[in-house]
Amino acid sequence: MQLRPKKSLGQNFLIDKNILKKIVDIGGINKNDKILEIGPGTGNLTEYIVRSKSKNITIVEKDTDLVKILKEKFKENIKIINYDVLKLSENFYKDEFIVYGNLPYNISTQILAYWCLSKNIKFKKLILLFQKEVADRIVAEVNTKNYSRITILANWKFNIKKILDLNPECFSPRPKVKSTLLEFTPKKKIIEIKSPKNLENITKIFFNQRRKMVKKNFIKLFKNFNDVSKSVNINLSDRPQNISIEKFLMIVKKFEDELK
Ligand code: SAM
């Protein structure tokens with residue numbers, strides 16, 4: 001069946017065989033590992049996953065036309081789910097998956113944020129391909145212009161390693177931008193907060209006004225904003241990009257203490 005790739009679903013298929021193999025190898029898949037691939041497309045990456053030791057592979061693809069192709073191509077040992085990844089509930093993630101995904105670029109940050117903020121989802125590893133610009137934000141250092149909400153959410157939960165940049169020629173159709181492969185390994189110990197929702201909301205409030213001094217938001221959050229800012233060692237004339245991940249989590253903890 002000849003198919004026209006759908007731009008609205010971010011369909012840029014990875015066609016470089018060396019890269020496809022390398023991506024799967026990074027997972028170091030063992031025979032008991034459970035694999036989840038998000039957005040398998042025509043199954044280019046899936047083919048290499050199927051050759052791995054895992055006998056437990058689930059793929060989730062939104063495009064019904066592609067699901068028909070996938071069902072033709074992979075007849076055994078693989079669960080093919082025709083669904084929107086954004087609509088999967090926490091219950092779906094009962095297994096500690098190794099997740100692969102050449103993610104649709106328009107929803108990649110949203111998926112990652114959901115995974116980071118969900119209390120009950122545990123992963124073995126995530127191996128994800130992003131638009132380079134988004135990956136740069138995910139791995140950004142504090143005090144840089146790329147430092148963002150997603151930097152905080154992702155680095156709170158995961159150790160993140162940049163694996164490689166990919167040129168548009170590795171894909172068909174070619175995207176306009178470069179891509180970057182990142183590997184996420186869950187941190188053994190994270191800074192505990194009562195509700196990730198509070199981290200979600202507080203980082204949203206601060207980064208919605210990323211050029212403004214943080215004082216305004218401290219006033220919004222805390223009656224005793226001067227004391228709180230001193231106790232977490234934050235200068236009220238700083239901008240959100242100057243506040244480390246640990247300090248953001250301290251702000252959340254202070255906020256949660258005040259709610260008691
Ligand atoms: N993994 C394939 C590859 O590398 O060749 C395809 C990657 S392509 C960038 C993104 C894939 O995600 C497409 O197949 C697209 O249909 C699928 N997709 C887009 N939005 C989705 C969603 N909300 N849920 C599940 N799959 C989605």
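This one's a predicted model, so the numbers in the text were calculated from it and none came from an experiment. Both ligands and their constituent atoms are indexed starting at 1 by order of listing.
- Sorted by first and then second residue, the pairs that involve residues 130-152 and meet salt bridge (charged side-chain N to carboxylate O under 4.0 Å, His left out), not counting sequence neighbours, are K132-D136, E133-R137.
- Screening K125, K124, K22, K162 against E183 for a salt bridge (charged side-chain N to carboxylate O under 4.0 Å, His left out) leaves a single residue, K125.
- Side-chain contact annotation: Y105 with S179, donor-acceptor N/O pair under 3.5 Å present.
- Using modelled atom types and a 3.5 Å distance limit, the side chains of T180 and D165 yield a donor-acceptor pair.
- Distance alone, capped at 3.5 Å, places no donor-acceptor pair between the K62 side chain and the L9 backbone.
- For ligand 1, residues of the protein lying within 4.0 angstrom by heavy-atom distance are L9, G10, Q11, N12, F13, L14, E37, G39, P40, G41, N44, V60, E61, K62, D63, L66, Y83, D84, V85, N102, P104, I107.
- Remark: side-chain polar atoms of K253 are not paired, donor with acceptor, to backbone N or O of K194 under 3.5 angstrom.
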